[in-house]
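Report on one structure; see the data block that follows.
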Amino acid sequence: MNNTNQFNRRDFIKLAGAASALVVSNSGFARATKPPIGRVVVIGGGYAGATVAKYLRLWSLGSIEVLVVEHNSQFVSCPLSNLVLGGSKSINDLTFGYDALKSNHGIKWVQDTVTAIDASAKKVTMLRGELSYDRLVVAPGVDFNYDTLPMLASAEVQQQIPHAWKAGWQTVNLRKQLEAMPDGGVFVMNVPKAPYRCPPGPYERACQVASYFKAHKPKSKVIVLDANAEIISKKGLFTKVFNETYAGIVDYRPDNAITGVDVVTKTLSTDFDKIKADVLNVIPPQRAGKIAQIANLTEKDYPWCDINFLTYESKLVPNIHVLGDSVAAGLPKSAHMATNQAKVCANAIVQLFAGQAPDPAPVFANTCYSYVTDKSAMHVANVYRYDEGKKIMVSAEGGGVSMSPSEKEGAYAVAWAQNIWADTLT
């Protein structure tokens with residue numbers, strides 16, 4: 001797939017019911033009075049950052065200046081990246097340019113790295129310059145916490161033991177290691193203690209690797225060491241797949257947190273055992289992305305950002321909004337969640353610039369698909385509403401979970417991905 005892909009929106013409408021990224025708002029943003037001119041700087045061009053930039057321009061009728069600061073030159077999708085490990089996708093299939101997003105909406109783009117944020121002066125410092133803002137949006141994703149696994153912190157070690165939890169070169173590296181592993185080898189991976197990015201992602205990864213082994217290396221095994229007491233997303237479905245589809249291949253072990261890693265021998269230690277791997281994949285514990293730490297958006301000994309769920313403004317630092325996986329919430333850290341948060345935030349900022357109150361009762365849905373083979377998938381969907389008493393988004397009526405994986409749901413998952421890519425990047 002070319003990195004400057006153009007999308008045919010008619011293709012995405014076919015299965016829109018299964019892939020909706022709708023945010024319901026009571027404030028009539030599409031007809032809002034044009035707000036005064038202001039400048040919003042967005043740090044991060046992932047799902048949340050790209051989406052908030054787009055909708056700030058759309059819903060302000062172009063009167064809000066939007067500048068995005070993003071370190072990478074291309075967008076690489078984490079959703080579907082486990083299929084690279086299974087062999088049914090390449091990383092190029094998940095890699096896109098930003099040109100359509102920038103040109104379609106008049107978004108100014110800076111490829112640079114943020115080194116400091118001065119909230120009192122409303123200034124962002126980068127390696128090659130500075131930017132001022134009226135409001136700042138940070139969408140930094142997650143960072144990895146190596147406090148308990150310091151031996152894995154270096155880039156050199158991660159070439160041998162990749163986490164592959166940010167899609168890109170590490171994903172390709174892990175796939176190459178799986179291809180090079182002899183039949184009869186052992187792939188060992190872990191599931192970090194929740195919360196972490198993409199709750200069902202590690203279990204999907206185990207399925208994808210098992211699918212590859214079943215087809216090409218049937219004597220090989222997958223060992224999953226879960227720091228949690230049980231499978232934390234789609235438990236019944238993944239349990240059935242592990243026990244039936246991949247019986248004799250997947251060995252799932254709950255309550256098995258990693259206590260140490262011997263990098264040279266690729267041996268993991270837990271409280272119960274030592275497990276040697278031919279290919280080792282360690283997904284570290286996670287926390288709010290580095291930019292959130294730079295901006296002092298987290299409190300001491302608490303790894304996530306507390307925000308106002310009507311505006312996504314930080315509770316610690318005024319005029320800075322936080323989106324996506326860095327947000328502290330009992331909600332899934334997912335791409336769909338990030339784009340919906342971005343729309344609520346964009347609407348709120350438009351209203352705030354106009355001197356109006358943000359929507360008092362936002363509603364959105366989150367849908368997550370997991371592939372268990374190269375063609376079959378399953379989903380979970382939830383609706384979330386703002387609870388005025390609790391001041392958070394809570395699960396509401398609606399949604400549901402698959403009865404079982406199917407190729408039909410695999411087709412839905414493709415449509416969902418195409419829809420969210422189009423919504424985010426065009």
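For the pair Ile275 and Ile223, the tightest heavy-atom approach, listed with the atom from each and the gap, is CG2-CD1, 3.9 Å. In this structure, Ala365 and His336 approach most closely via the heavy-atom pair O-NE2, 3.8 Å. Residues Pro358 and Ala348 share a closest heavy-atom pair of CB-CB, 3.8 Å. Here the shortest heavy-atom pairing between Ile294 and Ile117 reads CG2-N, 4.0 Å.
Sorted by first and then second residue, the pairs that involve residues 118-129 and meet salt bridge (charged side-chain N to carboxylate O under 4.0 Å, His left out), not counting sequence neighbours, are Asp112-Arg128, Lys123-Glu130. Residue pairs meeting the salt bridge (charged side-chain N to carboxylate O under 4.0 Å, His left out) criterion with at least one member in residues 63-87, sequence neighbours excluded: Arg39-Glu65, Glu65-Lys108. Every pair passing salt bridge (charged side-chain N to carboxylate O under 4.0 Å, His left out) that includes a residue from residues 293-317 is listed here, sequence neighbours excluded: Arg135-Glu313. Here ring-ring contact (aromatic ring centres under 6.0 Å, His included) pairs that include residues 125-156, with residues two or more places apart or in two chains, are Phe144-His163. For residues 195-206, every residue pair satisfying the salt bridge (charged side-chain N to carboxylate O under 4.0 Å, His left out) rule, not counting sequence neighbours, is listed here: Arg197-Asp325.
The aromatic rings of Phe75 and Tyr47 sit perpendicular to each other, their planes meeting at more than 60°, with 30° as the lower class boundary.
For the atom pair Phe309 CZ and Ile392 CD1, the distance stands at 7.0 Å (nearest 0.5 Å). For the atom pair OG1 (Thr339) and CE (Met337), the distance works out to 9.5 Å, reported to the nearest 0.5 Å.
Side-chain atoms of Val372 and Ser211, non-hydrogen and from C-beta on, never get closer than 4.5 Å to each other. The side-chain heavy atoms of Pro195 and Trp304, taken from C-beta on, include a pair separated by under 4.5 Å. Residues Gln170 and Trp165 form no side-chain contact, since every pair of their non-hydrogen atoms from C-beta on lies 4.5 Å or further apart. Using a 4.5 Å heavy-atom cutoff, the side chains of Asn256 and Asp271 are not in contact. The side-chain heavy atoms of Val142 and Lys166, taken from C-beta on, include a pair separated by under 4.5 Å.
Counted within 6.0 Å of NZ on Lys290, heavy atoms from surrounding residues, nucleotides or ligands total 12 or fewer; the atom is thus considered open.
Take Phe187 and apply the ring-ring contact (aromatic ring centres under 6.0 Å, His included) test, not counting sequence neighbours, and it matches no residue. By the side chain to side chain donor-acceptor pair (under 3.5 Å) test, Tyr386 is found to be paired with no residue, residues two or more places apart in sequence or in another chain being considered. Lys235 pairs by the side chain to side chain donor-acceptor pair (under 3.5 Å) definition with Glu230, not counting sequence neighbours. With sequence neighbours excluded, no residue forms a side chain to side chain donor-acceptor pair (under 3.5 Å) with Asp255. Remark: Glu244 engages Lys240 in a salt bridge (charged side-chain N to carboxylate O under 4.0 Å, His left out) (not counting sequence neighbours). For the side chain to side chain donor-acceptor pair (under 3.5 Å) test, residues two or more places apart in sequence or in another chain that qualify with Asp143 are Gln293. Glu179 pairs by the salt bridge (charged side-chain N to carboxylate O under 4.0 Å, His left out) definition with Arg175, not counting sequence neighbours.
At least one cation-pi condition fails for Lys343 and Trp59: the charged atom is not both under 6.0 angstrom from the six-membered ring centre and inside a 45 degree cone around its axis.
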As a quick check of understanding, evaluate side chain to side chain contact (heavy atoms under 4.5 Å, CB included) for His379 and Tyr412, giving each step before the final call.
CA-CA 9 Å; His379 83 280; Tyr412 289 167; over 6 Å; no
After noting the C-alpha distance and the side-chain angles of Leu67 and Leu131, does the key distance pass the side chain to side chain contact (heavy atoms under 4.5 Å, CB included) rule?
CA-CA 9 Å; Leu67 298 94; Leu131 290 171; 3.9 Å; yes
Step-by-step side chain to side chain contact (heavy atoms under 4.5 Å, CB included) determination, Thr311 to Cys345:
CA-CA 5 Å; Thr311 63; Cys345 179; over 6 Å; no
Tyr252 and Asp226: side-chain hydrogen bond (donor to acceptor under 3.5 Å, both in side chains), yes or no, with the steps?
CA-CA 8 Å; Tyr252 172 73; Asp226 196 340; 2.7 Å; yes
side-chain hydrogen bond (donor to acceptor under 3.5 Å, both in side chains) between Ser376 and Glu407, worked out
CA-CA 4 Å; Ser376 295; Glu407 291 191 12; 4.8 Å; no
Side chain to side chain contact (heavy atoms under 4.5 Å, CB included) for Ile64 and Phe353? Distances and angles first, verdict last.
CA-CA 9 Å; Ile64 293 178; Phe353 272 119; 3.4 Å; yes
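Using modelled atom types, one finds a donor on one side chain and an acceptor on the other under 3.5 Å when comparing Ser77 with Trp421. Asn228 and Tyr196 share no side-chain donor-acceptor pair at under 3.5 Å. For the residue pair Ser370 and Lys234, a side-chain donor N or O sits within less than 3.5 Å of a side-chain acceptor on the partner.
Between Asp374 and Lys89 there is no salt bridge, since no side-chain nitrogen of the basic residue lies less than 4.0 Å from a carboxylate oxygen of the acidic one. A salt bridge is defined here as a Lys NZ or Arg NE, NH1 or NH2 lying under 4.0 Å from an Asp or Glu carboxylate O, and Arg385 with Asp387 fails to meet this definition.
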